[in-house]
Amino acid sequence: MPFDGTSDDLEHDFDILEAIGRRLDGLMKGLIRAGGPQKTIRRWLVGHRDTPEDADSQISLMATATDLELFTPSMSGKTPVDRCLGSWRPETDQDQAAFDALRAAQFRLVRIIDRDGPDIVRLRDLATQENIVLLNSIISPLAAGAPTAMRLCPLASGRHVLISPLFVIDEAMLASALGLVRTGRPMGHGHRCAVNLYRDIARRGFIPMPTLAVSAEIEIPPDISEIQRLAIRWLARDGEEDQAALIAEIRRAACLDNLVDACGWYSNAATDGRENVQQAFDGITDILMETLSQRGRAGVGGYIDILDRAAAEIAHHIAAGAMAVEARALFERLRARWAPGDPASQAGRPSTARAELDRIIQRILALRAKTVDRGCTEQEAMAAAAKVAELLDRHDLSLDEVTVRKSDCAGLAVQTSRRRRAPIDSCVRPVAMFCDCRVWSEDSADGTLRYMFFGLKADVEAARFLHDLIELTFETETTAFRNNKVYLTLRGGQRRTALNSFQIGLANGIATKLNALKSARTATAATTTGFDLVAVKHSVVEDEMERLGLRFVAKSSSSRRFVHSEAYETGKIVGAQFEPNASLGQ
């Protein structure tokens with residue numbers, strides 16, 4: 001019957017492939033029960049390596065040995081498949097087509113050219129230079145260019161089906177195998193070539209073929225880069241939900257190394273002419289560039305100059321010959337799209353609300369300059385903190401839910417000079433909660449600890465200011481404690497323990513006070529604004545962090561602290577006297 005390449009035609013060919021599989025399945029099980037493939041494997045490995053322990057390698061070994069057994073000719077020249085075909089009787093037209101295809105099966109050395117749609121892979125026979133159309137749904141486009149060996153059955157449609165295991169061979173094994181081939185002539189059963197090639201693979205180890213699963217689950221080789229994994233996902237994506245999940249994963253993977261890597265893989269695909277793979281890396285690079293640009297505009301630590309650093313790395317790789325010039329062309333094209341200033345991100349917000357926000361931020365900055373930058377007494381610091389809290393509450397009371405949801409988020413870094421955590425760090429999370437922010441720690445370029453507050457712009461300015469005030473309080477109260485009788489009666493290491501205990505107590509007292517004041521502020525805002533302001537703020541911040549692909553790793557501490565109880569209680573009492581919003585009349 002004639003075929004025209006329609007979906008019915010493809011379905012008919014897949015039916016023939018299933019019929020071939022059903023016939024070979026019983027024959028393969030019989031060979032394995034008889035022990036033939038197991039003996040072949042022992043011959044391959046004796047004196048070279050032990051039988052591999054992992055299941056994938058064992059399955060691959062058994063598959064190649066069984067394929068060899070199926071097509072090993074006897075003295076009469078007939079293979080086990082030939083003998084079975086002589087005794088089987090076709091029950092349907094599909095069975096007859098399957099028998100014809102098995103009789104014509106050939107062992108071929110091929111190179112994968114490219115994937116052409118969801119069901120077709122194009123190959124080049126390296127002996128005859130013939131172009132082959134393979135019916136296959138699982139070979140990944142990332143396998144393009146890879147040499148391999150396949151036992152193929154030709155179908156009436158002109159396509160071929162694969163009946164041997166999938167693997168990649170390196171160029172050295174390919175050269176050795178081609179030495180057993182007559183150039184320009186088909187290999188037929190290719191028994192001699194198959195024996196030598198399968199033996200070499202068994203002794204040196206399998207190189208997995210990049211594959212795509214037929215279902216939504218993806219089979220990905222373990223030794224490829226994160227960007228290659230994402231490209232496989234991109235090419236196998238199915239539906240809007242899968243697309244959204246993939247974009248979120250790409251955003252979480254956004255970093256300098258992955259951006260450069262994506263540009264490099266794009267240039268490789270462009271050089272090799274693999275258009276669909278090139279489009280995948282183009283799309284991934286676009287999302288990475290957008291995400292990193294948005295992080296830089298949001299002021300998230302470490303991302304402000306990341307595009308300049310990426311440009312320098314790409315230029316270095318191109319100069320060294322490790323990357324094609326197409327990588328720089330892609331980078332510059334996407335950078336022109338995403339690098340310019342934030343395009344009217346505040347256009348949807350009322351001008352009065354924007355002006356009020358600017359006034360709040362300027363007043364917070366002015367208070368910070370008056371206190372932290374120039375030095376102040378503890379009373380001045382407390383008065384400034386109270387004013388900041390009053391400003392924040394006044395601003396919150398003027399907001400409605402729509403305005404909050406249209407607000408921009410920003411990140412502000414608080415740099416420490418320490419490489420290790422100290423008692424004051426216990427106040428960082430309560431400060432973030434008090435100001436409706438998220439906070440995380442980072443290592444600076446010099447290895448010192450840095451905290452990043454992230455949230456609405458006025459809130460992060462307030463968080464940084466409040467953190468600075470707490471640092472001043474620690475300095476002031478620690479100096480006072482050194483003159484305390486508890487401290488003066490101690491000597492040597494006991495003084496260090498007492499001082500540390502005092503600071504732990506001070507941090508505990510401040511954190512407890514901030515948490516209590518936050519609960520009171522939240523209750524006031526809920527009854528006055530008519531909506532849960534804190535919940536809306538948190539929703540806005542979480543959505544923005546998702547859009548920026550920010551991800552974190554939680555760290556737990558199991559260290560034990562030896563505490564001087566009297567010093568600890570002294571610090572806790574002092575910390576409880578910390579008043580960030582005394583003017584609210586609470």
Check this for me, if you would: do [X] and [Y] make a salt bridge, where the nitrogen-to-carboxylate-oxygen distance has to be below 4.0 angstrom?
X: Glu542; Y: Arg438; value: yes
X: Arg252; Y: Glu249; value: no
X: Asp95; Y: Arg23; value: yes
X: Asp125; Y: Arg111; value: no
X: Glu546; Y: Arg251; value: no

Are any non-hydrogen side-chain atoms of [X] and [Y] less than 4.5 angstrom apart?
X: Gln106; Y: Leu152; result: no
X: Thr72; Y: Thr79; result: no
X: Leu197; Y: Met173; result: yes
X: Phe454; Y: Trp440; result: yes
X: Leu307; Y: Met289; result: yes
X: Asn276; Y: Trp234; result: no
X: Phe331; Y: Thr285; result: no

- Taking only residues two or more places apart in sequence or in another chain, which ones pass ring-ring contact (aromatic ring centres under 6.0 Å, His included) with Phe206? none
- Counterpart residues, ring-ring contact (aromatic ring centres under 6.0 Å, His included), relative to Tyr198 (two or more places apart):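 By the ring-ring contact (aromatic ring centres under 6.0 Å, His included) rule, Tyr198 matches Phe107.
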- Task: For residues 139-153, pull every pair meeting side-chain hydrogen bond (donor to acceptor under 3.5 Å, both in side chains), keeping only residues two or more places apart or in separate chains.
- Result: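 Passing the test, one end in residues 139-153: Asp67-Arg151.
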- Note on the structure: Residue pairs passing the side-chain hydrogen bond (donor to acceptor under 3.5 Å, both in side chains) test with at least one member in residues 29-40, sequence neighbours excluded, are Asp25-Lys29, Thr40-Arg43, Thr40-Glu69
Please answer whether the main-chain N or O of [Y] pairs with a side-chain N or O of [X] as donor and acceptor at a distance below 3.5 Å.
X: Arg159; Y: Ala156; value: no
X: Thr64; Y: Ser60; value: yes
X: Arg203; Y: Trp44; value: yes
X: Arg108; Y: Val110; value: no
X: Arg103; Y: Val81; value: no

- Query: Taking all atoms of both residues into account, what is the closest heavy-atom pair of Gln228 and Leu142, and its distance?
  - Reply: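 For Gln228 and Leu142, the tightest heavy-atom pair comes out as O-CD1, 3.4 Å.
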- Task: For Tyr451 and Ser441, work out which heavy atoms get closest and say how close.
- Result: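 Closest heavy-atom pair between Tyr451 and Ser441: CE2-CB, 3.7 Å.
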Just how far is it from atom [atom1] of [X] to atom [atom2] of [Y], taken to the nearest 0.5 Å?
X: Ile16; Y: Leu102; atom1: CD1; atom2: CG; result: 11.0 Å
X: Leu155; Y: Asp100; atom1: CG; atom2: CG; result: 10.0 Å
X: Ile132; Y: Leu134; atom1: CD1; atom2: CG; result: 8.5 Å
X: Asp286; Y: Leu334; atom1: CG; atom2: CG; result: 5.0 Å
X: Ile227; Y: Ile232; atom1: CD1; atom2: CD1; result: 12.0 Å
X: Ile32; Y: Met62; atom1: CD1; atom2: CE; result: 5.5 Å

For [X], which residues count as a side chain to side chain donor-acceptor pair (under 3.5 Å) partner, sequence neighbours excluded?
X: Asp282; value: Arg333
X: Asp261; value: Ser225, Trp265
X: Arg124; value: Asn131

Pairing residues for [X] by the side chain to side chain contact (heavy atoms under 4.5 Å, CB included) criterion, not counting sequence neighbours:
X: Ala327; value: Cys263, Ser267, Ile314, Met323
X: Ala63; value: Pro165
X: Pro80; value: Arg83
X: His316; value: none

- Message: Test: ring pair (Phe, Tyr, Trp, His ring centres under 6.0 Å). Region: residues 52-82. Which pairs qualify, not counting sequence neighbours?
- Response: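 As it turns out, there is no ring pair (Phe, Tyr, Trp, His ring centres under 6.0 Å) pair with a partner in residues 52-82 once direct neighbours are skipped.
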- Task: Please determine, by modelled atom types, if Glu326 and Tyr266 share a side-chain donor-acceptor pair under 3.5 angstrom.
- Result: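 No, no side-chain donor-acceptor pair sits under 3.5 Å.
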- Message: For a side-chain contact (heavy atoms from CB on, under 4.5 Å) check, start with the C-alpha distance between Asn136 and Ile120, then their side-chain angles and the critical distance, and finish with the verdict.
- Response: CA-CA 6 Å; Asn136 188 279; Ile120 299 299; over 6 Å; no
